[in-house]
Chemist: 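Okay, here's the structure, questions in a sec.
Just follow the structure's listing: the first ligand is 1, and inside any ligand the first atom is 1.
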Amino acid sequence: MVPLSVEGIDLFAKLEFCNPFGSVKDRAAFWILKSAIESGLVTEKSTIIESSSGNFASAMASYCQLLALPFIAVIDPNIAATNEAFLRRTCSQVVKVEERDDVGGYLKTRLRKVQDLCANIPHSFWPNQYGNLRAVEAHYTLTGGEICQRFSELDYVFIGVSTGGTIAGISRRVKEHFPAVKVIAVDAEGSVIFGGPPKRRYIPGLGASMQPELVKHAQIDDVVLVPEHETVSACQELLFRHGLFVGGSSGTCFAAVKRSLPKLRGTRPPQVLFLCADRGSAYLDTVFNAEWSKQLAPPDVVAMNAKENAA
Ligand SMILES: Cc1ncc(COP(=O)(O)O)c(C=O)c1O
C-alpha cells in the first residue's frame, strides 16, 4: 500500500499487481483451485475450463502449470494483446469467442462456450469465478485481512467490480474491522452490474454485461460509474503525476476517488484506499495510446489531458 499526494485526503493505493502472476485475480484463482483440490473436485485427471477477460485466466493458467493440470481459457476480442500472448504460451488451449451477446458485451457468449466445452470434455472443472463463493472467501481472508492489518483507521475504500468477488470479500472484512468505513463500488459506464443502461465498452477488466451473483454478497454504500475516457485521463495522471503505472480498472477507481472528493473532504483528512488491480503494461496499446483512446471521447478532451499530464 503506497501513499499518494492528493489535497484534503490521505489517499493510499493497494498494489495488487505485486501478486505472483500480476493481478488481483491471483487471489481468487489460488483460493478456488486450492479449495477444489482439498474437496476432491479437482484431481490429477481434471481439465480446468474458465471464461476470463484476461487476468483470472493468466493466474489460473499459471497455477495449473505449477500443478501440471490442463487449463482451457475462453477469452474475447477485448482482451489485452499481452494477456492473450501470455495465455497462448501457458494454456493447453485458448478459445476466443467473436460474437457479441444481446447487450453488446461478450460475457454471455463466453459462458455459453464454457458450458459447451465442459459438456464435451471428461473430468472438466469450471471454477465459475462469477458465482464461486470461494472467490469472496479469498478476498475476505487475504486481501481484506491485509487491509485490516495495515490501517488503524479507514474511512473509504474504492473497489472496481466485475465478478464482484473482490468487493464482496473486502467489504465484509473491512466492515467487521472498521464499522464506519464506507465501501464504494466503482464500475464503468455501459456496464449493467448496477442497473445502468448497457453501452459498448472497450477497456477490459471492469464491468459486466450481466449482473454477477457475487455482487449480492457485497456490502456497498455507494456506486460511482465512470465513463471510459475518464479512465484514460486518470491512468495518465497516475503515471505522470504519481509515478504509478497501472491498468484500466485502477485508473477507473482513481477517477471515482477524484469525482467523490467534495463528499470525502471533512474536518480531518479521511483515510481513503483504492485498489490497483493490475499493471499498465497490458494497456500500452489501448489506454496509454492516444490514437486508440480517441474512440472513447471527443478528441479534444483526450488530447488536452495527455498534453496537460505530460507537461
Ligand atoms: C483489472 C481488473 N480489475 C478489477 C476486476 C474486478 O474484480 P472482480 O471480478 O473480483 O469484481 C477485474 C476482474 O477481472 C480485473 O481484471
Chemist: Looking only at distance, does T166 have an N or O less than 3.5 Å from an N or O of ligand 1?
Modeler: yes
Chemist: Quick one: do the Y130 and S51 side chains pair a donor with an acceptor below 3.5 Å?
Modeler: yes
Chemist: Geometry only, no angles: is S162 polar-contacting ligand 1 at N/O separations under 3.5 Å?
Modeler: yes
Chemist: Applying a strict 4.0 Å limit to heavy atoms, is V161 in contact with ligand 1?
Modeler: yes
Chemist: Who's the nearest protein heavy-atom neighbour of atom 16 (O) of ligand 1, and how far?
Modeler: N55 ND2, 3.0 Å
Chemist: Any non-hydrogen side-chain atom of L238 less than 4.5 Å from a side-chain atom of C235?
Modeler: no
Chemist: Can you see whether Q211 engages K216 through a side-chain donor-acceptor pair at a distance of less than 3.5 angstrom?
Modeler: no
Chemist: Write out the residue and atom name of the closest protein heavy atom to atom 4 (C) of ligand 1, then the distance separating them to 0.1 Å.
Modeler: S249 OG, 3.6 Å
Chemist: Could you tell me whether F245 and F288 have their ring centroids closer than 6.0 angstrom?
Modeler: yes
Chemist: What I want to check is whether the side chains of N289 and Y283 have a donor and an acceptor closer together than 3.5 Å.
Modeler: no
Chemist: Heavy-atom distances under 4.0 Å are what count here, so tell me which part of K25 touches ligand 1: side chain, backbone, both or neither.
Modeler: side chain
Chemist: Looking at E98, I'd like to know if its CD atom is crowded, meaning that more than 12 non-hydrogen atoms belonging to other residues, nucleotides or ligands lie closer than 6.0 Å.
Modeler: yes
Chemist: Tell me the nearest of A80, S250, G205, S52 to atom 5 (C) of ligand 1, using heavy-atom distances.
Modeler: G205
Chemist: For A277, counting its heavy atoms only, list the atoms of ligand 1 lying under 4.0 Å from any of them.
Modeler: 1 (C), 2 (C), 3 (N), 4 (C)
Chemist: Give me the atom names and distance for the closest heavy-atom approach of S209 to D101.
Modeler: OG-OD2, 2.9 Å
Chemist: Report yes if T163 has an N/O atom closer than 3.5 Å to an N/O atom of ligand 1; otherwise report no.
Modeler: yes
Chemist: Does the N or O separation between G164 and ligand 1 drop below 3.5 Å for any pair?
Modeler: yes
Chemist: Please determine whether any non-hydrogen atom of D278 lies less than 4.0 Å from an atom of ligand 1.
Modeler: yes
Chemist: Give the atom numbers and elements of ligand 1 that come within less than 4.0 Å of a heavy atom of G165.
Modeler: 10 (O), 11 (O)
Chemist: Between D10 and Q271, does any side-chain donor sit less than 3.5 Å from a side-chain acceptor?
Modeler: yes
